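The model shown is predicted, which means the values in this text are computed figures rather than measured ones. Both counts, for ligands and for their atoms, begin at 1 and track the order of listing. In what follows, residues are counted from 1 in the order of the sequence shown.
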Amino acid sequence: MKYILIDCDPGHDDALAILTAYAHPEELRILGVTTIGGNQTLEKVTENARRILQFLHADIPLASGQAGPLVKSLHTAEDAHGESGMDGPVFEKEDYPLVSDNAVVFLKEQIMACPEKVTIVAIGPLTNIALLMRVYPETKEKIDCISIMGGGIGHGNSTELAEFNIYVDPEAAHIVFHAGVPIVMAGLDVTEKALITVREIESLKEKGRVSRMAGELLGFYNESGRQYGFTDSPIHDLCAVAYLLQPDLFQGEYQAVDVITEEGCARGLTFADKRLMCDKVKNVLVLEEVDRDRFAAMLIEALERLDESIS
Ligand code: RIB
Ligand code: CA
């Protein structure tokens, strides 16, 4: 059993990551969900988190976090995720409760109250997590690892060199990568191989309530991905959960990862020091390969589980 906290900016792939985690209560105990401005404004991503949790009839505490990054102003991904941040499905009016608008305090309280170490699943910009590390450093020894979707070794999507979650808040990412907490990094190197095919998306539309909703999410997300050259859909954030459920889906190596924060074309670039004489702590497991078929099967099976368990 892993006790997890999910920090997210739903976001189509965030939603699928939450659904998959929720489908595995015997392996992942979700202590809480927190939101961060990213794919859309904090207000919109928080509404989307409420919609997902309400759709699941979940009883998971939800707290909203920072509206934007530590230094610069928020840069959203409306082109990819739509005006709502999670375009596609139509959800009932959400009235799912928010337990706090201070995610950092909420995270600290959950971590310190948990009898076991906690895993943080960070699948949006890292602002909340960076503040947690700085304001409440005592939480570090209670964190088993931070499973991040973010970055890419010399590989970007927001710019040629910077991945969105890092690009939005490179200063936060720098704090997290240097916090001395074990990190699993699902960067674009692996997440752009973690594809759900058009045929697999179509198959969801003929199944149960949860699969159909996921099919509507993926229908929009697949169409939107065409503008970036994708035919099938990379489910970036799901990698950060899938690793916790089945680490052998992935291959990677521990590296010393750093982030560029200076102004210029490389701002938000994540890179690894691979020199033989590198004496830095290699605290980041950089995932590089994924068994796509088994990855897709994990999502489809998780949705089938929820079809059965949630009316
Ligand atoms: O670059 C992909 C990441 O940016 C994912 O977390 C997606 O949800 C967006 O936040
Ligand atoms: Ca995300």
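Between Tyr243 and Val190 there is no side-chain heavy-atom pair separated by less than 4.5 Å. Side-chain atoms of Lys2 and Glu27, non-hydrogen and from C-beta on, never get closer than 4.5 Å to each other. Annotation: side chain of Glu163 is in contact with side chain of Met149 (closest heavy-atom distance under 4.5 Å).
For atom 6 (O) of ligand 1, the closest non-hydrogen atom on the protein side is Asp237 OD1, 2.5 Å. Remark: minimum distance from atom 4 (O) of ligand 1 to any protein heavy atom is reached at Phe164 CD2, 3.3 Å. Among protein heavy atoms, the minimum distance from atom 8 (O) of ligand 1 is reached at Asp13 OD1, 2.6 Å. At the top of the distance list for atom 3 (C) of ligand 1, counting protein heavy atoms only, stands Glu163 OE2, 3.3 Å.
The cluster map of Ile, Leu, Val, Met, Phe, Trp and Tyr, joined by side-chain heavy atoms under 4.5 Å apart, puts Ile196 and Leu287 in the same cluster.
The Ca ion (ligand 2) has an N, O or S atom of Ile123 under 3.0 Å away, backbone or side chain. The nearest N, O or S atom of Asp237 is closer to the Ca ion (ligand 2) than 3.0 Å.
Residue-ligand proximity, Met149 to ligand 1, at heavy-atom distances under 4.0 Å covers atoms 2 (C), 3 (C), 5 (C), 6 (O). Taking every non-hydrogen atom of Asn39 and a distance limit under 4.0 Å, the qualifying atoms of ligand 1 come out as 7 (C), 8 (O), 9 (C), 10 (O).
Among residues two or more places apart in sequence or in another chain, the side-chain hydrogen bond (donor to acceptor under 3.5 Å, both in side chains) test is passed with Glu202 by Lys205.
Checking only distances, His236 never comes within under 3.5 Å of ligand 1, N or O to N or O. Taking distance alone, with nitrogen or oxygen atoms compared against 3.5 Å, Ile123 approaches ligand 1 more closely than that limit.
By the criterion of a heavy-atom distance under 4.0 Å, the side chain of Asp14, and not its backbone, is placed next to ligand 1.
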